[in-house]
There are 2 protein chains.
Amino acid sequence: MTDGTRSTPATLHDVAREAGVSLATASRALNGSTRKVNEEYRTRVLAAAARLDYSPNLSAQAVARGASTTVALLVADIADPYFSSIAAGVVAEADLERLIVTMAATERDPERELELVRALRGQRPRVMILASSRRTDEPTDGPLAEELAAYERAGGRVVLISRNEYALRTVLLDNRAGAAALATALAGLGYRRFAVVTAGEGLRTAGDRLAGFRDGLAAAGIELRDTDVVRGEFTRDGGYAATTALLERGLNGVEVVFAVNDVMAVGALSAIRDAGLEPGADLAVAGFDDIATVRDVTPPLTTVRVPLEQIGRRALRLALDDADASGPASPATAPDAVPTEVVIRASTPGPRTR
Amino acid sequence: MTDGTRSTPATLHDVAREAGVSLATASRALNGSTRKVNEEYRTRVLAAAARLDYSPNLSAQAVARGASTTVALLVADIADPYFSSIAAGVVAEADLERLIVTMAATERDPERELELVRALRGQRPRVMILASSRRTDEPTDGPLAEELAAYERAGGRVVLISRNEYALRTVLLDNRAGAAALATALAGLGYRRFAVVTAGEGLRTAGDRLAGFRDGLAAAGIELRDTDVVRGEFTRDGGYAATTALLERGLNGVEVVFAVNDVMAVGALSAIRDAGLEPGADLAVAGFDDIATVRDVTPPLTTVRVPLEQIGRRALRLALDDADASGPASPATAPDAVPTEVVIRASTPGPRTR
DNA sequence: CTGTTAGCGCATTCAC
DNA sequence: GTGAATGCGCTAACAG
């Protein structure tokens, strides 16, 4: 029961007094490196701490130690399965290191992102992970770069996910190669006329995937017409709207549409169905990411698998493992890209035999 | 460029010296309440801070002020859309208050939850939000309750989401009434034979929804047979497995299956389809939560809408708004439950006319 | 308004 | 091993 007795939390000082030992001893018993304190005192301190409901003040520890136990994570949208899966990975790995994760959402707004980086930097997090989307028009020497550099100079470690236009640690996701492989696979299935549903210009990820898809088609001797590239927001509704626009304009022979991520692809599926057509049969659909739900839509979605949770884990590891302060990896020693894999499902049954 | 020059972050002290003012003045110029410092000094301090890339140390501020700017959020599984939507709401609302959210995942393990609460308490968060699932066998005077009580006694505010078996602030989600309304609606559609896919015993939310569904059926003069209640994990795969078991056992006339949450329902849809049946037509399906994806599955899922993001926002507001330290609301003044709404979609077309 | 000073809670030197 | 003292970065009285 929480009665009205509002008191301040017990401090280490209180514990020391209660146990009849010095502050230093209490500190050592509760945290100090490996056992250096008499077993008797030790148990007395622990008992006192339990009795007083003592909980070490992490802020105070951080100040005294000059180092926090925090990891900052920036994503574009927490409710988006792409980001929440990455976040789950980061949190899981952080937990192993007894690190606490703080999370913020940029909503894909570069200014917000900058503000958040600034604010989060105040935490002096051990690591800062940026999973939020990078933009093509983003200068590598702008204020964000400045901020990140300052953070690193002060001993922080930043990890980018996906692209490494900055000279910073990066979990490389080869969007371009993945999309190319998808295009190759679809061409192998016999498709010849393609359309792409992508995000508005400016988003690196979307741009790379489109470019990669073009690469793959070109390798198969297929050209992607600019008029067959439609754009929408990088969301389910954006995919729905763009696909609807494509349909209204008239397919003109397009057999399959590639949406640059799965949430847009799912929107595409619904748009096709709402237009009275049958996804897969009348118009095939492929996505990218392999988020959990694409197995359960109808037809199950062909996509490019990206190990989202692992990416999150890897991002944290990357920052923690080279604690030798050797600085960010140079492009030459850049880590291998995370492996992606084309997964063909029923949404691309092969072109209709007529 | 981050060159090798690794330095410690600039401190307020540095800024003060650089600006040629006292520590106090620098502090006031950068944070101190409304303008009390000479405009000239003010700009000088700001300039110095910018020049030095100064970023206030939040930990130090927290220690000095005796109050943090942190909100701790506990969820069962970050990648689950139910929780990530709530989290998105919490983060969005926290952002308005310039509060930082720290997140942890209990993985539905009560022991983990306790550990996490203990660990998070060290942050001295202003608010602690528990969205992780409560269990029926959970004592209201166990160690978790103790821990939460201690936290509140020390001035913290905890908010529970869903159930209020504890005497703590709660965002009430009337799972029971929602499920009852769903049962009523389905009965109104003409269904007479029901099955339920639920989680293993012990989860409050699952239990309440099952009970409510029973209530609703009973009101319609329909009995739910115990043999028509199948259990699985509280996940998509759990729903899939349980439904598969139900199908293998034989439907025996069951017309519609209610899965106690949408992720399980989505699994049910796939299980039905994989068994060679047509969801909706051969076996209707209903879920609970109205997560984003259920509009895009086939057939679109009948469910009970729960304003997940709003719940997250409301949880934070609840904790912040009664900063008058009046303590947790008594049951009598408990806040209204969040409104839920039955949403009938194509997955429950009404019983087959044979 | 500004500067000086005393803490905040804790880790960690340094003597004992 | 243990305790006393110093300092981490910052805020908040407290005097000027």
Side-chain angles (χ1 to χ4, degrees), chain A residues 7-45 48-49 52-70 119 121-125 154-156, chain B residues 7-46 48-49 52-70 119 121-126 154-156:
Chain A
S7 54
T8 52
T11 78
L12 190 56
H13 191 96
D14 299 331
V15 174
R17 209 157 35 87
E18 171 87 5
V21 300
S22 79
L23 227 179
T25 302
S27 173
R28 289 191 271 251
L30 292 172
N31 315 302
S33 44
T34 38
R35 49 184 356 289
K36 299 177 60 176
V37 45
N38 179 334
E39 193 54 33
E40 146 123 27
Y41 279 179
R42 183 182 178 64
T43 52
R44 258 169 52 192
V45 171
L52 297 181
D53 259 323
Y54 173 72
S55 169
N57 184 322
L58 294 183
S59 291
Q61 285 192 161
V63 174
R65 287 185 172 139
S68 78
T69 56
T70 289
R121 192 146 82 86
Q123 290 222 45
R124 302 285 183 274
Chain B
S7 54
T8 52
T11 77
L12 190 57
H13 192 99
D14 300 330
V15 175
R17 209 157 35 88
E18 170 88 4
V21 301
S22 80
L23 229 181
T25 301
S27 172
R28 288 191 272 252
L30 292 172
N31 314 301
S33 43
T34 39
R35 47 179 8 282
K36 300 176 61 176
V37 46
N38 179 333
E39 193 53 32
E40 147 123 28
Y41 280 179
R42 182 183 179 66
T43 53
R44 259 168 53 192
V45 171
L46 260 33
L52 298 181
D53 260 324
Y54 173 73
S55 169
N57 185 322
L58 294 183
S59 291
Q61 285 191 163
V63 175
R65 287 184 173 140
S68 78
T69 56
T70 290
R121 193 147 82 84
Q123 290 225 44
R124 303 285 182 275
R126 281 249 262 276

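All chains are named by letter (A, B, ...) in the order of the sequence lines, taking the proteins before the strands, and each is independently numbered beginning at 1. What you see below is based on every heavy atom in this structure, not just the backbone, and it leaves out hydrogens, waters and symmetry mates.
Nearest-nucleotide mapping onto DNA chain C: of B/R124 and B/S22, the residue sitting toward the 5' end is B/S22. Projected onto DNA chain C by closest heavy-atom contact, A/T8 and B/Y41 fall at different nucleotides, the more 5' of which corresponds to B/Y41.
Overall, the helix from C/dC1-D/dG16 to C/dC16-D/dG1 carries an axis bend of 40° between its ends, with five pairs at each end and the value rounded to 10°.
Taking atom CG on A/L12 and atom C1' on D/dA4, their separation rounds to 15 Å, with Å as the unit. Distance, A/R42 CZ to D/dG1 C1': 14 Å, rounded to whole Å. In this structure, CD of A/E39 is placed 13 Å from C1' of D/dG1, rounded to the nearest angstrom. Atom-to-atom, CG of B/D14 to P of D/dC8 comes out at 11 Å; the value is rounded to the nearest Å. The distance from atom CZ of A/R65 to atom P of C/dT12 is 6 Å, rounded to the nearest whole Å. Atom CG of B/N57 and atom P of D/dC8 are 12 Å apart (whole Å). B/H13 has its NE2 atom 13 Å from the P atom of C/dT5, to the nearest Å.
Scanning residues 23-31 of chain A for heavy-atom distances under 4.0 Å to DNA chain C yields A/A24, A/S27, A/R28, A/N31.
Listed nucleotides: C/dC10, C/dG7, D/dT2. Nearest to the side chain of B/A64: C/dG7.
Dashed line: the shortest gap from a side-chain N or O of B/Q61 to OP1 or OP2 of D/dC10 is not under 4.0 Å. An OP1 or OP2 oxygen of C/dT2 is reached within less than 4.0 angstrom by a side-chain nitrogen or oxygen of B/N38. The side chain of A/T11 contributes no N or O atom lying less than 4.0 Å from OP1 or OP2 of C/dG9.
Proximity of A/E18 to A/V45: side-chain heavy atoms (C-beta onward) are nowhere separated by under 4.5 Å. Annotation: side chain of A/R124 is in contact with side chain of B/S55 (closest heavy-atom distance under 4.5 Å).
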